J.: 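Starting off with a structure, shown below.
All values derive from a computational prediction rather than experimental measurement. Order of the sequence lines fixes the chain letters, A, B, ..., with proteins taken first and strands second; residue numbering starts at 1 for each chain.
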Amino acid sequence: MRKQAKTAITPTRAKDYPVWYQQVVKASDMAENSPVRGCMVIKPWGYALWENIRDVLDNMFKETGVKNAYFPLFIPKRFLEKEAEHVEGFAKECAVVTHHRLEGGEDGGLVPAGPLEEPLVVRPTSETIIGESFSRWVSSYRDLPLLINQWCNVVRWELRPRIFLRTSEFLWQEGHTAHVGPNEAMERTLQMLDIYERLAESYLAVPVIKGEKTVSERFPGAVNTYTVEAMVQDRKALQAGTSHFLGQNFARASEIKYQSTQEKEEYAWTTSWGVSTRLIGAIIMTHGDDDGLVLPPKIASSHIVLMPIIKKPEHRNAVMDYTHALARELREITYHQRKIIVEIDCRETGGRGWDWIKKGIPIRVEIGPRDIAQDSVFLGRRDRGPSEKESIPKGQFVKTIVSILDEIQKNLFDRALRLREENTKQIDSKDDFYAFFTPENSERPEIHGGFALSHWCGNQACEEKIKEDLSVTIRCIPLDAEKETGTCIACGGKSPMRVIFAKAY
RNA sequence: CGGGGCGUGGCGCAGCCUGGAAGCGCGCCUGCUUUGGGAGCAGGAAGUCGGAGGUUCAAAUCCUCUCGCCCCGACCA
């Protein structure tokens with residue numbers, strides 16, 4: 001009967017997922033590209049998400065004894081050269097500062113002058129410079145464990161940037177700890193992984209799988225790398241956080257030594273762990289729909305927008321008073337350690353409701369004279385269709401707002417989990433495996449594939465072969481994987497367990 | 001950096017092949033009208049057609065170079 005249902009975002013996810021993603025970022029007013037390729041301007045609506053993620057994590061870290069500190073942006077080049085694998089891993093993507101001054105050039109422009117004696121590298125990660133500090137801070141077993149975190153930006157020169165997912169500069173937190181022994185360090189590594197899981201699942205409503213990375217996917221210089229992997233709506237894997245057991249590699253490189261109770265000099269055992277603004281990309285791709293962003297209430301930039309409906313001037317005062325009174329009432333309510341954030345949108349245009357849908361605000365409330373007469377509000381929820389709105393008594397709304405938000409939060413998680421489960425397959429035959437990861441339309445690949453739980457013999461060559469053939473990699477070896485013998489999907493050799501294969505961001 | 005696609009008001013697009021006064025939809029501003037759930041009518045503001053050269057009487061349109069964005073590949077949180 002009606003013209004086809006319009007979506008607020010074109011193209012839709014099914015039509016062109018990458019372009020859809022960019023349109024959501026734009027339409028939700030979260031961020032924009034900067035004049036510098038690969039960098040982004042994070043606007044208030046996007047930055048608020050980061051602040052909320054930061055607050056949640058920061059508290060969790062501190063509950064486990066971690067302290068915040070700040071280390072310099074610039075790292076002397078020789079520091080990066082200390083750990084061989086580390087050098088190799090990061091050398092290709094480092095920004096290097098070689099001068100400390102600009103001088104007037106011939107054509108009125110500026111030219112770099114004052115060359116530095118030793119070039120400075122803009123931190124791609126801070127293991128080396130923090131290691132240098134740690135080496136001076138640690139001398140006795142009594143100084144351990146040393147538990148430090150910093151919130152900062154880092155730079156990794158990216159060839160193919162994607163806003164929030166892979167930018168040349170991004171914001172993150174990097175935790176660095178030093179311990180007396182391997183067990184304690186490993187325990188910390190996994191403890192932080194648990195925190196990332198908790199952040200992802202109970203705050204971002206993003207289901208994740210904890211696992212260990214294979215050798216080829218490991219952090220350069222690490223002994224083990226652990227990850228939380230999410231599946232986003234085009235069924236690709238997204239690494240949402242990593243935690244590394246560094247063994248004594250960096251302690252050796254940076255001379256982090258302590259005297260043990262036996263009066264022996266020992267190298268410390270270290271860890272590092274981080275999550276970045278990439279998480280915002282994970283939120284967009286996990287929950288967003290064809291009408292735009294969908295924000296999980298627990299970390300939403302704002303929770304509710306109130307939209308007064310004023311058709312006749314004589315109603316104005318009554319409607320505005322009612323709206324402001326409701327806003328005051330709502331702002332007193334605490335939702336998971338945060339006061340509820342209420343927006344009031346007084347624009348008198350029809351499209352404003354859609355602006356808020358595109359921004360992903362969990363709850364929209366329309367308030368007009370008729371509602372006021374019944375002392376009720378007209379409510380729209382972002383986990384439901386744009387026109388599935390209902391009138392409910394104001395008192396009830398205020399009383400149940402927390403549980404409504406919780407319900408939305410839960411619905412988003414359940415929906416995301418269902419998507420992952422529906423697209424996770426145990427695959428044992430090589431043909432099925434190749435078919436699973438091959439689109440029907442190779443020109444314009446449709447959304448296909450997912451997570452394949454398949455056997456792998458542990459041989460790097462097999463992993464490499466799959467990657468070459470299909471651009472599919474082992475996302476992780478799940479920590480809770482059951483021991484189950486089988487045959488390797490690539491070579492047919494013996495395999496002790498299933499791992500997760502997927503295309504990845 | 002290699003292959004493919006695309007850059008036209010804030011957003012989405014047409015026009016380009018065949019050169020001849022910059023258009024459409026949404027949004028924005030003003031006014032009037034209007035069951036309260038993506039309103040209607042009328043008027044209006046806003047673009048050096050990504051940038052630089054060139055061909056031409058005339059370039060959004062043809063040619064060359066360049067920059068940016070998206071996809072595929074190499075690299076990666």
Side-chain angles (χ1 to χ4, degrees), chain A residues 2-3 5-11 16-23 26-27 29 32-38 88-93 124-125 154-174 196 213 216-217 219-220 225 227-230 237-244 272-282 291 307-312 315 319 347-358 364-373 377-380 385-391 439 442-445 467-468 471 473 503-505:
Chain A
R2 280 190 69 104
K3 49 198 164 180
K6 261 199 229 169
T7 59
I9 302 293
T10 37
D16 190 335
Y17 197 81
V19 175
W20 165 84
Y21 174 80
Q22 291 196 120
Q23 294 302 332
K26 208 182 289 184
D29 208 28
E32 56 191 29
N33 282 318
S34 82
V36 181
R37 180 185 154 79
E88 216 184 303
F90 286 107
K92 283 168 291 211
E93 48 186 19
T125 176
V154 287
V155 169
R156 297 178 189 177
W157 214 259
E158 288 297 342
L159 303 177
R160 240 175 92 181
R162 250 168 169 297
I163 199 157
F164 285 122
L165 293 176
R166 194 180 298 109
T167 45
S168 291
E169 180 194 13
F170 57 89
L171 305 183
W172 79 345
Q173 76 35 235
E174 47 177 325
Y196 292 154
K213 287 292 188 185
S216 63
E217 299 274 329
F219 177 74
T225 287
T227 177
V228 284
E229 294 283 327
L238 183 70
Q239 182 172 305
T242 50
S243 187
H244 316 291
S272 70
W273 23 276
V275 297
S276 71
T277 36
R278 169 178 256 203
L279 287 175
I280 296 173
D291 289 325
M307 290 179 280
I309 292 173
I310 299 157
K311 292 288 176 175
K312 296 199 171 76
H315 292 145
V319 172
R347 289 176 298 166
E348 293 179 30
T349 56
R352 66 184 165 168
W354 283 92
D355 284 347
W356 292 102
I357 290 173
K358 286 186 275 190
R364 310 182 305 282
V365 171
E366 294 168 17
I367 300 165
R370 203 190 296 164
D371 299 301
I372 294 175
V377 295
F378 206 66
L379 176 79
S387 46
E388 283 177 59
K389 298 189 268 191
E390 57 178 354
S391 182
S442 57
E443 297 286 306
R444 267 200 158 277
K467 186 176 177 183
E468 261 174 41
S471 305
T473 49
K503 290 186 182 172
Y505 275 100

J.: For S276(A), report the nucleic acid contact type (base, sugar-phosphate, nothing); a contact means any heavy atom under 4.0 Å.
T.: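 Base contact.
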J.: Answer with yes or no whether R156(A) presents, from its side chain, a donor or acceptor under 3.5 Å of a partner atom in the base of rC76(B).
T.: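 It does not, because no donor-acceptor pair links the side chain of R156(A) to the base of rC76(B) below 3.5 Å.
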J.: Please tell me which of G38(A) and S168(A) maps to the more 5' nucleotide of RNA chain B, matching each residue to the nucleotide holding its nearest heavy atom.
T.: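 The residue mapped nearer the 5' terminus is G38(A).
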J.: Contact class for S391(A) vs. all strands (heavy atom < 4.0 Å): base, sugar-phosphate, or nothing?
T.: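 The residue S391(A) makes no contact with any strand.
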J.: Has the side chain of D371(A) got a donor or acceptor that lies under 3.5 Å from a partner of the other kind on the base of rG36(B)?
T.: yes
J.: Could you say whether the aromatic ring of F378(A) and the base of rG36(B) stack, counting only centre distances under 5.5 Å and plane angles under 30°?
T.: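 Stack criterion not met.
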J.: Determine the contact category for L165(A): base if any of its heavy atoms lies under 4.0 Å from a base atom, sugar-phosphate if only primed atoms, P, OP1 or OP2 are that close, otherwise nothing.
T.: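 Base contact.
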J.: Please determine, for the side chain of K26(A), which listed nucleotide (rC70(B), rC75(B), rG12(B)) has the closest atom?
T.: rG12(B)
J.: Please list, chain by chain and in numerical order, all residues satisfying side chain to side chain contact (heavy atoms under 4.5 Å, CB included) with Q239(A), sequence neighbours excluded.
T.: K213(A), T227(A), E229(A), T242(A), R278(A), R475(A)
J.: Using a cut-off of 4.0 Å on non-hydrogen atoms, how would the nucleic acid contact of P369(A) be classed: base, sugar-phosphate, or nothing?
T.: base
J.: For T277(A), report the nucleic acid contact type (base, sugar-phosphate, nothing); a contact means any heavy atom under 4.0 Å.
T.: nothing
J.: Do the rings of W20(A) and Y17(A) sit parallel, tilted or perpendicular, given the 30° and 60° boundaries?
T.: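 Tilted.
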J.: Look at the side chain of R160(A) and decide which nucleotide, out of rC76(B), rA74(B), rA77(B), has an atom nearest to it.
T.: rA74(B)
J.: Would you classify K389(A) as touching base, sugar-phosphate or nothing, given that sugar-phosphate means primed atoms plus P, OP1 and OP2, and contacts are heavy atoms under 4.0 Å?
T.: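 Sugar-phosphate contact only - K389(A) comes under 4.0 Å of backbone atoms but never of a base.
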J.: Closest approach of R37(A) and L159(A), non-hydrogen atoms and distance?
T.: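 Nearest pair, atom of R37(A) first, then L159(A): NH2-O, 2.9 Å.
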J.: Choose from rG36(B), rG68(B), rA77(B) the nucleotide whose nearest atom is closest to any side-chain atom of F170(A).
T.: rA77(B)
